[in-house]
Amino acid sequence: DKLPDKFVLKSTHASGHVIICRSKDKLNRRKACRTMSQWLTVDFFALGGEWVYKNIPRRIICEELIERRQITPPHFRLFN
């Protein structure tokens, strides 16, 4: 309940573990919790052997989602 309305959940010990929430009211909390619990069982070092993932504490972090507006400069043209 304390999280911002828009946020990103990700693991600190692996790559590609990301849940993007654009509306907290629409988030399936049960599914998100199951997914994150699975993430915490993954030893990314054992999977790929990349040394940067060795001995990293398995954690989930939350960051506020900051979205950028898509702005097309007036001089930009698409060529097919």
Side-chain angles (χ1 to χ4, degrees):
D1 292 334
K2 295 180 181 181
L3 298 177
D5 189 47
K6 298 178 180 185
F7 56 89
V8 177
L9 298 166
K10 50 190 175 179
S11 67
T12 60
H13 64 283
S15 177
H17 292 173
V18 179
I19 295 173
I20 299 173
C21 177
R22 289 190 168 84
S23 174
K24 184 168 50 175
D25 297 334
K26 295 180 182 177
L27 178 68
N28 183 331
R29 291 182 181 200
R30 181 171 285 164
K31 183 178 178 183
C33 286
R34 264 196 318 261
T35 298
M36 291 183 291
S37 291
Q38 290 172 349
W39 291 350
L40 293 173
T41 66
V42 174
D43 182 346
F44 215 69
F45 173 71
L47 288 175
E50 294 181 63
W51 66 268
V52 294
Y53 294 109
K54 188 173 184 180
N55 299 324
I56 295 179
R58 297 176 191 177
R59 297 185 180 131
I60 305 296
I61 61 171
C62 177
E63 297 177 341
E64 184 177 2
L65 176 62
I66 300 172
E67 296 183 282
R68 260 195 274 181
R69 292 186 312 174
Q70 292 281 346
I71 300 175
T72 304
H75 62 277
F76 183 80
R77 295 182 191 176
L78 291 176
F79 295 96
N80 293 332

CZ/R59: more than 12 non-hydrogen atoms of other groups inside 6.0 Å: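 Check fails, neighbour count at 12 or below.
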Using the rule that Ile, Leu, Val, Met, Phe, Trp and Tyr join whenever any side-chain heavy atoms are under 4.5 Å apart, tell me whether [X] and [Y] fall into a single cluster.
X: L3; Y: L65; result: no
X: I60; Y: F7; result: yes
X: W51; Y: I56; result: yes
X: V52; Y: L47; result: yes
X: V42; Y: L40; result: no

For [X] and [Y], which heavy atoms make the closest approach, and how far apart are they?
X: H13; Y: Y53; value: O-CD2, 3.4 Å
X: R58; Y: T12; value: C-OG1, 4.4 Å
X: W39; Y: I19; value: CH2-CG1, 3.6 Å
X: V18; Y: I20; value: CG1-CG1, 3.8 Å

Between CZ of R22 and CG of D5, what distance do you get to the nearest 0.5 Å?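 Here the interatomic distance stands at 12.0 Å.
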Kindly compute the distance separating CE (M36) from SG (C62), expressed to the nearest 0.5 Å.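 M36 atom CE to C62 atom SG measures 9.0 Å (nearest 0.5 Å).
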For R29, side-chain hydrogen bond (donor to acceptor under 3.5 Å, both in side chains) partners two or more places apart: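 With neighbours one apart ignored, the set is D1.
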Check side-chain hydrogen bond (donor to acceptor under 3.5 Å, both in side chains) between K6 and all other residues, then give those that pass, not counting sequence neighbours.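 Once residues adjacent in sequence are excluded, the partners of K6 under the side-chain hydrogen bond (donor to acceptor under 3.5 Å, both in side chains) criterion are E67.
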Between T35 and H17, is any pair of side-chain heavy atoms under 4.5 Å apart?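 In short, these two side chains do not touch, never coming nearer than 4.5 Å.
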